[in-house]
A.B. asks: 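The structure under discussion is supplied below as structure tokens; questions concerning it will follow.
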There are 2 protein chains.
Amino acid sequence: MENGVANQLNERLATSGLRLTAQRQQVYDVLLQRRDHPTAEEVFIRSKQGSPEISIATVYNCLDTLVKCGLVRQVNLDRSATRYCPNMHEHFHFYCDTCGTIYDIDAPPEGSLPAVQVPKGFTVGHCEISVRGSCPACSAGAV
Amino acid sequence: MENGVANQLNERLATSGLRLTAQRQQVYDVLLQRRDHPTAEEVFIRSKQGSPEISIATVYNCLDTLVKCGLVRQVNLDRSATRYCPNMHEHFHFYCDTCGTIYDIDAPPEGSLPAVQVPKGFTVGHCEISVRGSCPACSAGAV
DNA sequence: ACCTGACATTAGAATTATTCTAAGTATTGA
DNA sequence: TCAATACTTAGAATAATTCTAATGTCAGGT
């Protein structure tokens with residue numbers, strides 16, 4: 001498993017002439033281990049457990065690299081710190097206003113995700129959807 | 001027209017125990033005059049033409065107030081400066097990667113915006129959609 | 001008219017998230 | 001083994017925004 005991940009990471013990096021380093025591995029591992037959409041700061045703190053020497057600049061660099069390799073997605077909600085998500089399936093994010101948790105909501109089977117219609121002439125590159133509201137736990141508690 | 005706007009603004013403010021001030025009026029006017037999704041900085045520059053004494057802190061305060069009154073919407077794209085939009089109809093934003101223009105794309109008639117489906121238990125409060133790509137002008141030019 | 005208190009504005013300092021810089025370290029390929 | 005390139009690091013710099021404390025303004029009650 002570990003090895004599979006390392007290989008996948010290495011492959012992706014190699015195709016861009018980039019190297020598999022301990023830090024990149026570490027940062028990616030941190031993201032895979034707890035898929036709770038951490039900020040760069042949080043990734044930094046967790047990474048230090050395995051790589052005590054790592055610096056915050058490196059964490060930013062590594063996250064950037066992972067995003068460029070298509071292994072990680074940035075999640076921006078309002079103007080709070082950018083969060084990072086290793087789920088590359090088509091999905092959108094649900095932010096619970098009560099508990100602050102961010103949920104991945106997978107696109108429904110029939111690709112029915114964006115019926116986003118743009119007028120003639122517009123070419124859609126990427127489409128980002130985010131939803132705020134109350135998660136099941138908090139919706140129930142509020143009754 | 002001017003009066004209508006002032007009245008609407010005043011009404012909204014009054015229901016929250018807030019006052020209609022020259023600065024709030026000025027900032028709102030700036031947003032209505034050119035609906036090009038300016039940043040706070042840009043609103044500041046334009047506002048100074050009518051209200052040379054206005055400060056950037058006041059611009060931020062006024063924009064905040066307008067957002068809270070439901071007269072203005074914040075537009076966040078990536079982590080660039082927040083932009084402000086006085087179009088309160090249901091719509092989403094299209095950002096042209098080539099020319100940087102932000103377009104308002106109005107929701108299609110049958111409320112068919114994306115039937116964004118959330119799993120049972122989730123309560124949707126607000127849904128934000130943004131699309132990146134190439135606008136008609138830039139799409140045409142790139143041929 | 002004139003207080004009083006709540007609401008507002010202002011300049012400038014502070015904060016936060018992020019990026020830049022410059023120096024040193026590591027790895028790869030010739 | 002050497003050079004070139006990629007990478008990491010600490011700390012400085014930047015950008016956008018928020019905070020602070022002082023001052024200003026307005027509406028309602030006396």
Side-chain angles (χ1 to χ4, degrees), chain A residues 6 9-30 37-48 50-69 71-72 74-85 100 102, chain B residues 6 9-30 37-48 50-69 71-72 74-84 100:
Chain A
L9 175 53
N10 193 17
E11 250 173 58
R12 292 287 189 120
L13 290 167
T15 66
S16 310
L18 304 171
R19 295 174 189 157
L20 175 56
T21 66
Q23 291 87 343
R24 285 172 180 170
Q25 177 78 65
Q26 175 70 66
V27 165
Y28 192 39
D29 282 354
V30 161
H37 307 89
T39 62
E41 186 71 25
E42 284 161 349
V43 172
F44 177 49
I45 291 167
R46 293 181 201 170
S47 294
K48 279 199 285 194
S51 311
E53 307 285 77
I54 203 170
S55 81
I56 183 73
T58 298
V59 169
Y60 273 106
N61 289 340
C62 292
L63 289 169
D64 249 44
T65 301
L66 293 173
V67 168
K68 285 192 186 121
C69 287
L71 288 166
V72 164
Q74 290 189 322
V75 181
N76 287 297
L77 287 161
D78 302 322
R79 284 198 56 78
S80 54
T82 299
R83 295 168 175 282
Y84 297 85
C85 174
I102 296 170
Chain B
L9 176 54
N10 193 17
E11 251 174 56
R12 292 288 190 121
L13 290 167
T15 65
S16 310
L18 303 171
R19 293 175 191 154
L20 175 57
T21 66
Q23 291 88 341
R24 285 172 179 167
Q25 177 78 65
Q26 175 69 67
V27 165
Y28 192 40
D29 282 353
V30 161
H37 308 88
T39 62
E41 186 70 27
E42 284 161 348
V43 172
F44 176 49
I45 291 166
R46 294 181 201 170
S47 294
K48 278 199 287 196
S51 311
E53 307 286 77
I54 202 169
S55 81
I56 183 72
T58 299
V59 170
Y60 275 106
N61 289 341
C62 291
L63 289 170
D64 248 46
T65 301
L66 294 172
V67 168
K68 286 195 185 118
C69 287
L71 289 166
V72 165
Q74 290 189 323
V75 180
N76 287 297
L77 286 161
D78 302 323
R79 284 197 57 75
S80 53
T82 299
R83 294 167 175 282
Y84 297 86

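The shown structure was predicted, so the numbers you read here are calculated from the model rather than taken from an experiment. For the numbers below, each heavy atom of this structure counts, side chains included, while hydrogens, waters and symmetry mates do not. The chains referred to below are lettered A, B, ... by the order of the sequence lines, with proteins before strands, and numbering in each begins at 1.
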A.B. asks: So does B/Val30 get a backbone contact from the side chain of B/Arg46, meaning a donor-acceptor N/O pair under 3.5 Å?
C.D. replies: no
A.B. asks: Determine whether the side chains of B/Gln26 and B/Ser51 contain a donor N or O and an acceptor N or O closer than 3.5 Å.
C.D. replies: yes
A.B. asks: By the 4.0 Å heavy-atom rule, please label A/Thr21 as base, sugar-phosphate, or nothing.
C.D. replies: sugar-phosphate
A.B. asks: Is it the case that the side chain of B/Arg79 and the backbone of A/Arg79 share a donor-acceptor pair, with hydrogens and angles ignored and the cut-off at 3.5 Å?
C.D. replies: yes
A.B. asks: Counting just side-chain N and O atoms, does A/Arg24 come under 4.0 Å of either OP1 or OP2 of D/dC7?
C.D. replies: yes
A.B. asks: How close or far is atom C1' of C/dA17 from atom CG of A/Asn76, stated in whole angstroms?
C.D. replies: 11 Å
A.B. asks: Can you tell if the side chain of B/Arg19 reaches within under 4.5 Å of the side chain of B/Leu13, non-hydrogen atoms only?
C.D. replies: no
A.B. asks: C/dA17 P sits how many Å from A/Phe44 CZ, rounded?
C.D. replies: 14 Å
A.B. asks: Starting from C1' on C/dT27, measure out to CG on A/Leu13 and report it in whole angstrom.
C.D. replies: 14 Å
A.B. asks: When all nucleic acid strands are considered with a 4.0 Å heavy-atom cut-off, which category describes A/Thr39: base, sugar-phosphate, or nothing?
C.D. replies: nothing
A.B. asks: Can you tell me the distance, in whole Å, between the CZ atom of A/Arg83 and the P atom of C/dT16?
C.D. replies: 15 Å
A.B. asks: Identify whether any heavy atom of B/Leu18 sits under 4.0 Å from a base atom; if not, whether one sits that close to sugar-phosphate; answer base, sugar-phosphate or nothing.
C.D. replies: sugar-phosphate
A.B. asks: With nearest nucleotide decided by heavy atoms, which residue, B/Ala81 or B/Ala57, maps closer to the 5′ end of DNA chain D?
C.D. replies: B/Ala81
A.B. asks: Checking all strands, does B/Glu53 fall into the base, sugar-phosphate, or nothing category for heavy-atom contacts under 4.0 angstrom?
C.D. replies: sugar-phosphate
A.B. asks: Atom CD1 of B/Ile56 and atom C1' of C/dA14: how far apart are they, to the nearest Å?
C.D. replies: 16 Å
A.B. asks: Report the distance from atom CZ of B/Arg19 to atom P of D/dG28, rounded to the nearest whole Å.
C.D. replies: 9 Å
A.B. asks: Enter the distance from B/Gln23:CD to B/Thr58:OG1 here, rounded to the nearest 0.5 Å.
C.D. replies: 6.0 Å
A.B. asks: Hey, does the side chain of A/Arg79 come within less than 4.0 Å of D/dA16's phosphate (OP1/OP2), counting only N and O?
C.D. replies: no
A.B. asks: Taking OP1 and OP2 of D/dT17, is either one under 4.0 Å from a side-chain nitrogen or oxygen of B/Tyr60?
C.D. replies: yes
A.B. asks: Base, sugar-phosphate, or nothing: which does B/Ser80 touch, judged by heavy atoms less than 4.0 Å apart?
C.D. replies: nothing
A.B. asks: Heavy atoms only, 4.0 Å cut-off, all strands: where does A/Ile54 land among base, sugar-phosphate and nothing?
C.D. replies: sugar-phosphate
A.B. asks: Hey, does B/Gln23 reach any base, or is it just sugar-phosphate, or nothing, if we go heavy atoms under 4.0 Å?
C.D. replies: sugar-phosphate
A.B. asks: Can you measure A/Asn10 atom CG to C/dT27 atom C1' for me and round it to whole angstrom units?
C.D. replies: 13 Å
A.B. asks: Return the value, rounded to whole Å, for the distance between atom CD of B/Gln74 and atom C1' of D/dA16.
C.D. replies: 12 Å
